[in-house]
Amino acid sequence: MTPRIEVSALDCLTLRLFDRIDERNMPWLLAAAERLTERLGSTLIDLVPSYTTLLIHYDLNRLTADQARAEVLDALNGLTAAEDLGGREHLVPVWYDRRVGPELALIAERAGLEVDAVIERHAAHAYQVFALGFAPGFAFMGLVEECLATPRLATPRKRVAAGSVGIADRQTAAYPVASPGGWNLIGRTPVRLFDYRQDGYSLLRPGDRVRFEPIDHAAFLRLGGDDSAMPAMEHDR
């Protein structure tokens with residue numbers, strides 16, 4: 001770990017702890033977040049974790065940029081990785097099917113696997129939630145097996161249905177709301193991932209772990225899923 005502090009705005013610093021995405025980063029990022037929360041106290045407006053960084057938004061009326069930088073450096077002194085990530089475990093049901101996952105066949109072809117093997121491999125791993133972004137409640141998770149890694153679509157879809165589960169490179173995610181998107185879709189979950197009525201709004205948070213559970217069409221509908229088909233896209237082979 002080689003910490004670097006970068007200026008992101010007049011009242012924001014980015015603490016960069018790592019240079020590449022890795023599941024082993026999260027214990028350090030969460031430990032740093034806890035230290036910074038304690039150290040900055042009420043001068044901290046927001047703290048946003050990502051794969052390799054923490055965005056620190058501080059109160060410019062109470063801290064100068066130099067003071068904020070000094071506080072961050074002091075908080076990192078003697079930092080050790082968190083032993084307990086404190087996140088929650090989620091079992092998210094997914095209906096894996098070409099009607100709602102039109103890139104299933106593409107990923108299978110690229111990997112030299114049968115579609116059932118792609119489903120089995122995707123559902124076999126517990127994924128770390130690295131960050132929330134792009135859309136409210138959109139959780140970036142990883143890492144999928146290298147054989148399943150697939151580049152984003154060359155042309156994003158104008159609309160991806162809520163609950164759609166996809167892969168982009170070695171990341172996986174489920175769309176919490178209907179939105180544009182360029183991930184390779186492989187299935188859909190009936191779970192509500194973003195809800196103003198629930199505490200924190202987002203079901204998934206950084207530090208959580210997610211395992212996807214394959215379910216059949218009947219179970220998907222019984223759980224309130226929308227089985228509207230997604231159109232296939234043209235792909236570069």
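- The closest donor-acceptor contact from the side chain of Arg88 to the backbone of Leu203 lies under 3.5 Å.
- Using the six-membered ring where Trp is involved, His217 and Phe220 have ring planes that are parallel, under 30° apart on the 30 and 60° scheme.
- Open room surrounds CZ on Arg24; 12 or fewer heavy atoms of other groups in view lie less than 6.0 Å from it.
- The main-chain N or O of Leu73 is never found under 3.5 Å from a side-chain atom of Arg39 such that the two would form a donor-acceptor pair.
- Side-chain N or O atoms of Glu103 include one that pairs as donor or acceptor with a backbone N or O of Leu185 at under 3.5 Å.
- Without hydrogens or angle criteria, Arg188 side chain to Asp226 main chain gives a donor-acceptor distance under 3.5 Å.
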Would you check, one step at a time, whether the test side-chain contact (heavy atoms from CB on, under 4.5 Å) holds for Tyr51 with Arg20? CA-CA 8 Å; Tyr51 309 100; Arg20 61 186 296 271; over 6 Å; no

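- What you find for Val100 and Ser228 is that their closest heavy atoms are CG1-O, 3.8 Å.
- A donor-acceptor pair is defined here as one N or O able to donate and one able to accept, closer than 3.5 Å; such a pair exists between the side chain of Arg211 and the backbone of Ala124.
- Closest of all the heavy-atom pairs between Arg35 and Asn77 is NH1-O, 3.0 Å.
- Taking both residues in full, the closest heavy atoms of Pro206 and Leu132 are given as CD-CG, 4.0 Å, listed atom of the first, atom of the second, then distance.
- None of Thr172, Ile119, Leu91 except one satisfies the side-chain contact (heavy atoms from CB on, under 4.5 Å) rule with Phe212; the exception is Thr172.
- Residues Ala65 and Tyr58 share a closest heavy-atom pair of CA-OH, 3.4 Å.
- With hydrogens and angles disregarded, a donor-acceptor distance shorter than 3.5 Å links the side chain of Arg209 to the backbone of Ala126.
- The minimum heavy-atom distance linking Arg16 with Asp19 is given by the pair CD-OD1, 4.0 Å.
- Below 30°, between 30° and 60°, or above 60°: for Trp183 and Phe140 the angle between ring planes is between 30° and 60°, a tilted geometry.
- Panel note: side chain Ser50, backbone Thr53; no donor-acceptor pair is recorded below 3.5 Å.
- Contact check on Arg62 versus Glu71 returns no salt bridge, with no Lys/Arg side-chain nitrogen under 4.0 Å from an Asp/Glu carboxylate oxygen.
- Considering CG of Leu13 and CG of Leu54, their distance stands at 11.5 Å, rounded to 0.5 Å.
- A distance-only check finds a donor-acceptor pair linking the side chain of Asn184 to the backbone of Ile167 [under 3.5 Å].
- Environment of CD in Glu120: sparse, with no more than 12 heavy atoms of neighbouring residues, nucleotides or ligands closer than 6.0 Å.
- When every heavy atom of Tyr127 is checked against every heavy atom of Arg121, the shortest pair comes out as OH-O, 4.1 Å.
- By the neighbour-count criterion of 12 heavy atoms within 6.0 Å, atom CZ of Arg98 is sparsely surrounded, having that number or fewer from other residues, nucleotides or ligands.
- The distance from the CD atom of Glu6 to the CZ atom of Arg69 is 9.5 Å, given to the nearest 0.5 Å.
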Test log, rule side-chain contact (heavy atoms from CB on, under 4.5 Å), inputs His122 and Tyr96: CA-CA 10 Å; His122 185 259; Tyr96 293 92; 2.8 Å; yes

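- Although no hydrogens or angles enter the test, the distance criterion places no donor-acceptor pair under 3.5 Å between the side chain of Arg159 and the main chain of Pro180.
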